[in-house]
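Start at 1 with the first residue, then count along the sequence. A quick note: this is a predicted structure, and the numbers were derived from the prediction, not measured.
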Amino acid sequence: MPELIPPTPRLHSSWLAAREEWGPDGHMDGAGLGSEDDVDSPAGFAAWVERLHGYADRRRPVEQGRVHATYWWITEGDTYLGAIDLRHYLNAFLVDAGGHIGYSVRPSARGRGVAGRALQSVLHEARVMGMDRVLLTCDPDNAASVRTIERSGGVLEDVRETLIGPKRRYWIDL
């Protein structure tokens, strides 16, 4: 049964295998991966994982364009299945295009309800943090994400053109 865990260097090889499934141009929503992150070497990967943990600490400043967020990995045993994050608040970009929660599931683990279970767990975490509603977005042609968000109570606000292309924007009351 898949579970959410904090990011860990222990799953480096499984994470790399998942990245290969996405391919060189794949984007792993909710992973917190930046273009400057060195995730190929064990030391670089461990440093990136440590940075992810630091983003949850509201006492620490975050880089320009980022917000405080908590990251989890979706795993099954020692297998990395995907990632999900909860952004503690929104900046202008996230209001328009990104939302409070981002997630992705590696291609070989899709179609098993992994994203839906992870989203339900993170919605609970959002309630615990005191949020009363959250914004989620997805590409208009991502039928699986549309189903996942709508099954979790998402109400479509609009579909809009953003800096990163068209997005369906949903609110979920907690």
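- In this structure, OG1 on Thr8 lies 10.5 Å from CD on Glu50, to the nearest 0.5 angstrom.
- Residues Arg112 and Leu81 meet the side-chain proximity criterion, which asks for heavy atoms closer than 4.5 Å.
- By the 30° and 60° cut-offs, the orientation of the rings of Tyr71 relative to Tyr55 is tilted.
- Under a 4.0 Å N-O distance rule, the pair Asp139/Arg168 does not qualify as a salt bridge.
- With a 6.0 Å radius and a threshold of 12 heavy atoms from other residues, nucleotides or ligands, Glu36 has its CD atom above the threshold.
- Shortest non-hydrogen contact noted between Asp85 and Ala69 is OD2-CB, 4.3 Å.
- Pro140 approaches Val159 most closely through the heavy-atom pair CG-CG1, 4.2 Å.
- Ile164 and Leu94 fall within the same hydrophobic cluster, defined by Ile, Leu, Val, Met, Phe, Trp and Tyr side-chain heavy atoms under 4.5 Å apart, directly or through other members.
- Rounding to the nearest 0.5 Å places OG1 of Thr148 at 8.0 Å from CG of Asn142.
- If you take OG1 on Thr70 and CZ on Arg58, they are separated by 9.5 Å, rounding to the nearest 0.5 Å.
- Taking the six-membered ring where tryptophan is involved, the planes of His88 and His68 are essentially parallel, since the angle between them stays under 30° and well short of 60°.
- Using a 4.5 Å cut-off between side-chain heavy atoms of Ile, Leu, Val, Met, Phe, Trp and Tyr, with links allowed through other members, Val67 and Met129 fall into different hydrophobic clusters.
- A 4.5 Å side-chain heavy-atom check between Ile101 and Tyr170 finds every atom pair outside the cut-off.
- Between Ile172 and Ser152, the closest heavy-atom pair is CG2-O, 3.6 Å.
- Side chain of Arg169 to main chain of Leu135: no donor-acceptor pair is present (N/O by atom type, distance under 3.5 Å, no hydrogens or angles).
- A donor-acceptor pair under 3.5 Å links the side-chain atoms of Arg106 to the main chain of Tyr80, judged by distance alone.
- Here the closest heavy-atom approach between residue Ser145 and residue Cys138 is recorded as CB-CB, 3.8 Å.
- Put simply, CG on Leu11 and CG on Leu16 are 11.0 Å apart, with the number rounded to the nearest 0.5 Å.
- Considering only heavy atoms from C-beta on, Leu33 comes within 4.5 Å of Trp15 through its side chain.
- Cluster annotation: Leu52 is connected to Met28 through the hydrophobic network of ILVMFWY side chains, with a link wherever side-chain heavy atoms come within less than 4.5 Å.
- A salt bridge is defined here as a Lys NZ or Arg NE, NH1 or NH2 lying under 4.0 Å from an Asp or Glu carboxylate O, and Lys167 with Asp96 fails to meet this definition.
- For the atom pair CE of Met131 and CG of Leu123, the computed distance is 10.5 Å after rounding to the nearest 0.5 Å.
- A donor-acceptor distance shorter than 3.5 angstrom exists from the side chain of His53 to the backbone of Pro7, with no hydrogens or angles considered.
- Contact record, Ala126 with Val134: CB-CG1, 4.0 Å, taken as the closest heavy-atom pair.
- Between Ile149 and Tyr103 the shortest side-chain heavy-atom distance falls below 4.5 Å.
- In terms of modelled atom types and a separation under 3.5 Å, the side chain of His100 and the main chain of Leu86 share no donor-acceptor contact.
- Here the side chains of Arg10 and Ile5 are in contact, with some heavy-atom distance below 4.5 Å.
- Side-chain contact between Leu4 and Val122 is present, with at least one heavy-atom pair separated by less than 4.5 Å.
- Scanning all heavy atoms of the two residues, the minimum distance from Pro2 to Glu76 falls at CD-OE2, 3.5 Å.
- Under the 4.5 Å side-chain heavy-atom criterion for ILVMFWY residues, no single connected hydrophobic cluster contains both Trp72 and Val128.
- With rounding to the nearest 0.5 Å, the separation of CH2 in Trp48 from OG in Ser41 is 12.5 Å.
- Under the 4.5 Å side-chain contact rule for hydrophobic residues, Val95 and Val155 do not share a cluster.
- Judged purely by atom type and a 3.5 angstrom limit, Asn91 uses its side chain to pair as donor or acceptor with the backbone of Phe93.
- Taking the side chain as every heavy atom from C-beta outward, Arg110 and Val114 never approach each other to under 4.5 Å.
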